[in-house]
Amino acid sequence: MRLANLIGGVFVLILGLAVVFFSLQLTYYSEFGPGPGFLPLWVGIIISACAIYVVIDLLRKQGGKEEFFKLRTRLGLQIFITIIITFLLLPLLGFAIGLAFFIGVTMRMMGKHRWAPCALTAIITAIGIHFIFISWLTIPLPRGLIGW
Amino acid sequence: MELLNNLYTGFSIALTFNNVVYCLVGVLFGQIVGVLPGIGAPTAIALLLPLTYKVNPTSALIMFAGIYYGVAYGGTITSVLINVPGESSTVMTCIDGYQMAQKGRAGAALSVAAIGSFLAGTISIIILMAFAPALARFALRFGPPEYFALTAMAFGLLTVFGGEQPIKTIISTMFGLLIATIGLDVVSGMPRFAFGVPQLLGGIDFIVIICGMFGVAEVFSSIEEPEEGEIIKQKMHLRDLFLTWEEWIASRWAIVRGGVIGFIVGMIPAGGITTASFLAYLGEKRFSKHPERFGKGAIEGVAAPESANNSASISGFAPLLALGIPGSPTTAVMLAGFMMWGIRPGPMLFKTNPDLVWGLISSMYIGNFLLLLINIFLIPAFVAMLRLPYTIIMGFIVIFASVGAYSVNNNFFDVWMMLGFAVLGYLMRKLQYPIVPLVLGLVLGNLSENSLRQALLISGGSFSIFFNRPISLLFIIAAILAYLTPVLRWAWKSVGHPKAQVNA
C-alpha cells in the first residue's frame, strides 16, 4: 500500500504542477479584480505543496502490512471491464437490453447463480428499464438497433 | 404567532395527498437504503435526482428529506442484528446494540432507536422552525466577504472532522474546487481546463460526479471488501419491542442529550450525522455513572447516537435553507437539486419560496411519525431484505447511475465521465483520500470563488476587507483555527499527552 500511496502522491504532485502551469496561461489579475487564473493558481500551489508533504512523509515511514491488491480485487476488475464493454455496447443494444446484459453477466460472474435465473433476471431488468425509464419517465434513452 | 402561521402554511402543503405519498415513498426508500449495504443517502438521492426533473420541487424535496432521515433509521437494523452498520452514522450503534441483541434484547434496542430518533427528530424540527428563519434574517447582512469567509471556514472545518490525515483532506477539498473551475469562467467568459473539449465548456455536472464517486465507486469497494455478518436469529414478538421501565429510565436523558449534541453538530458545516452520533456516544459514556456498562449492551449507548444522528440530519437543513451552504454530502446533493430546479437556497428563500421551505419542514413531522410506525411494525420485512443478493443491488446502482448520467445532457460523454469519476472515487477511498471534502469543495466552489472575486473588486484588491468586517473576521479566525488543528494536535501530543485524540 505504501508504494500505491507513493504513486498516488506523485500523481497528485504532477496534477498540482499541471494546474499551476495551465493557470499561469490564464489572466491572474485584471482591472476588474482577480482574473480567471487567480483561484486555480492557488489551488494548484496548495495541491502541489500538500502532495510534496505526502510524498516526503511516505518516504520517511515504514510500509504498513496492508496490500493494495486484495483477494477480490480481480473480481472488481472483471466487473469494471464488464461495465466498459456494456457502455461500448449501449449505443448498439440500447439502454434496456444493454444494462440487462450487464446484470445477467455479472450475476453469473459473481459465481453464485445458474444461467437460468441470470437470464430471467436480465429479461425482467430489460422490461423494467423500458417501462420505468423510457415509457413512464419518458427519458429519451437510446434504444439501439432493435429499437427497444 | 408567526411560527404558528408558518406551521399552518407548511402543513397545508405537506398534508396534501400527493406530498404525503412522496413523504411515505421517501422514508420507505430511505429505510431500505439504510438497510442495504453499499448504498448511502447521498448516492440514493443523486441516483434519483435526474429522474425527478419534472416533479414539483417541493414534493421531490419532501421525498429526498425523507430518504435522508429514513436512512439513519434503516442503518440501525443491520447495526443491531448483524453488527454491520448499514450506514456510517450507525457505526456507534453496533457497539451496544449488537450486545443487546446477543442478550435477547434486539427488540428493545431497535425500539429505543426508533423512539429516540422520533423524539429527538421532532424536537429538532421545532427548533429548526424557530432557528432557521432567524439564521436567514442574520444572513441577510452577509455580503461577498462574509460568504467567502463562510466557505473558507466550512473548508477549514473539514480538516477537523475529515479524518486522520488532514493533508489528504485539504488535497481532496482542492480537487473539488479545481473541478468546479472547469468550463467557462462566468466573469471573463474564458474557458478554463476545457482543453478544447466542447462538452467540458459548460463544466462537469454535479450529478455525473456524484453518481460515479458515490454510486459506482462504492460498487467496486463493496465487491472488493464485502460487508458480511451473521443475522442473529431471534423470534421477535411485538411485546419484545416494549422497553422495560428500567430501560426507559436509563435512556430518556440519553435521548435528550443525544438530540442536543446532534442538533448542534448537524448545523456545523462538515459536521454531519456520523460525527454527531460519534460525539453523542462518547459524551454519554463520559456522562454516565456507570461507563463500564458501555460496550456490554448499555441501552443509553444505542439511545444517544441514534437520537443524535436523526437530530443532526434535520438540523443540517438550517445552513442549507438559510445560508445555501450544505454541511454534509447529502445536503450537498440536495443543493444540486435546488440548482436543477432553478431555486437558490439562502436568506431570500424564506421570502421567495415560503411554500417550499415550510412544506418541507412540516413534512419532517409526518415523515418521522411514519418512520416510528414503520420501525415498530415492519422490521421483519426489512430484515428479509438483507437476504437480497448484492449482485442485484449492484446492478440497480449501475443502472441508475448510467441512466442518471446520460439523462443530464442526453449524451454518452457524461456516462463515460461518470465511470471515470467512479475509478477516481475508488482509488481515493483506497488511498484514504476522503470523498466528502471533494464534494463540498465542488458544490461550494463557485460561490467561494465568485464571493472572493466580488469582495476583492469592492475593496480594490485589498484583503483587509475580510478582516475589517466583524462577521467575516469571525469566520476567518474560525477557519484559521480549523486549519491549524493538525498543528495544535501535534503540539498537544508532543508536550506529553500522547493519548489525546481530538478527532475521536
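Convention: sequence-line order gives letters A, B, ...; per-chain numbering from 1.
Expressed to the nearest 0.5 Å, how far CD1 of B:Ile39 lies from CD1 of B:Ile393 amounts to 8.5 Å. With rounding to the nearest 0.5 angstrom, the OG1 atom of B:Thr52 is 8.5 Å from the OH atom of B:Tyr22. Rounded to the nearest 0.5 angstrom, B:Glu224 CD and A:Leu75 CG are separated by 9.5 Å. For the atom pair A:Cys50 SG and A:Ile45 CD1, the distance stands at 12.0 Å (nearest 0.5 Å). Expressed to the nearest 0.5 Å, how far CZ of B:Arg429 lies from OG of B:Ser221 amounts to 5.0 Å. Between B:Ile435 atom CD1 and B:Met428 atom CE the span is 4.5 Å, to the nearest 0.5 Å.
Between B:Gly189 and B:Leu184, the shortest heavy-atom contact is O-CD2, 3.5 Å. Summarising the geometry of B:Thr43 relative to B:Gly215, their closest heavy-atom pair is CG2-CA, 3.3 Å, with the distance given to 0.1 Å. Pairing each heavy atom of B:Leu456 with each of A:Pro34, the nearest pair is CD1-CG, 3.4 Å. The shortest heavy-atom contact between B:Pro144 and B:Ala455 is CB-N, 3.8 Å. B:Thr169 and B:Pro434 get closest at one heavy-atom pair: OG1-CG, 3.6 Å. Considering every non-hydrogen atom in both B:Val216 and B:Ala401, the closest pair reads CG2-CB, 3.7 Å.
Judged by distance alone, the side chain of B:Asp414 and the main-chain N or O of B:Met417 form no donor-acceptor pair under 3.5 Å.
Within the 4.5 Å cutoff, the side chain of B:Glu225 has heavy atoms near those of the A:Lys70 side chain.
A:Asn5 and A:Lys61 are not linked by any side-chain donor-acceptor pair at a separation below 3.5 angstrom, with hydrogens and angles left out of the test.
Only the side chain of B:Ile170 comes within contact range of chain A, with at least one heavy atom under 4.5 Å from a heavy atom of that chain. Contacts of B:Met174 with chain A are made by both backbone and side-chain atoms, with heavy-atom separations under 4.5 Å. Both the backbone and the side chain of B:Val403 come within less than 4.5 Å of a heavy atom of chain A. For B:Val186, no part sits under 4.5 Å from any heavy atom of chain A, backbone or side chain. With a threshold of 4.5 angstrom between heavy atoms, A:Ile103 approaches chain B through side-chain atoms but not through N, CA, C or O. No part of B:Pro50 comes within reach of chain A, as not one of its non-hydrogen atoms sits under 4.5 angstrom from that chain. When heavy atoms are compared at a cutoff of 4.5 Å, B:Thr181 approaches chain A solely by way of its side chain, counted from C-beta outward. Interface remark: A:Ile139 contributes side-chain atoms only to the contact with chain B (heavy atom separation under 4.5 Å). For A:Phe133, the part sitting under 4.5 Å from any heavy atom of chain B is the side chain, from C-beta outward, and nothing else.
Contacts with chain A were tallied for B:Val219, B:Leu427, B:Val398, B:Leu177; B:Val398 has the most, counting heavy-atom pairs under 4.5 Å. Note on A:Leu141, A:Asp57, A:Leu77: by heavy-atom pairs under 4.5 Å with chain B, the leading option is A:Leu141. Note on B:Trp416, B:Tyr426, B:Phe220, B:Phe193: by heavy-atom pairs under 4.5 Å with chain A, the leading option is B:Trp416. Between chain B and the residues A:Ala100, A:Pro140, A:Gly8, the largest count of heavy-atom pairs under 4.5 Å involves A:Pro140. Of the listed residues B:Gly461, B:Gly445, B:Ser402, B:Ser407, the one with more heavy-atom pairs under 4.5 angstrom with chain A than any other is B:Ser402. Comparing B:Met394, B:Met190, B:Lys54, B:Lys430 by how many heavy-atom pairs each has under 4.5 Å with chain A, the most go to B:Lys430.
Contacts between residues 114-130 of chain A and chain B, defined by a heavy-atom separation under 4.5 Å, are made by A:Thr121, A:Thr125, A:Ile129. The interface of residues 19-28 of chain A with chain B, defined by heavy-atom distances below 4.5 Å, comprises A:Val19, A:Phe22, A:Ser23, A:Leu26, A:Thr27. Among residues 83-94 of chain A, the residues having any heavy atom closer than 4.5 Å to a heavy atom of chain B are, in sequence order, A:Ile83, A:Ile84, A:Phe87, A:Leu88, A:Leu90, A:Pro91.
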side-chain contact (heavy atoms from CB on, under 4.5 Å) evaluation trace for B:Val25 with B:Val21:
CA-CA 6 Å; B:Val25 170; B:Val21 170; 4.2 Å; yes
Pair B:Phe148-B:Leu447, side-chain contact (heavy atoms from CB on, under 4.5 Å): steps then yes or no:
CA-CA 7 Å; B:Phe148 171 72; B:Leu447 175 68; over 6 Å; no
Would B:Met63 and B:Ile45 satisfy side-chain contact (heavy atoms from CB on, under 4.5 Å), going step by step from the backbone distance to the final call?
CA-CA 9 Å; B:Met63 181 173 75; B:Ile45 296 173; over 6 Å; no
Dump the intermediate steps for side-chain contact (heavy atoms from CB on, under 4.5 Å) on B:Tyr433 and B:Ile167, then the final yes or no.
CA-CA 9 Å; B:Tyr433 287 84; B:Ile167 291 289; over 6 Å; no
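Legend: residues meeting side chain to side chain donor-acceptor pair (under 3.5 Å) with B:Arg453, ordered by chain and number and at least two apart, are B:Asp185, B:Glu449.
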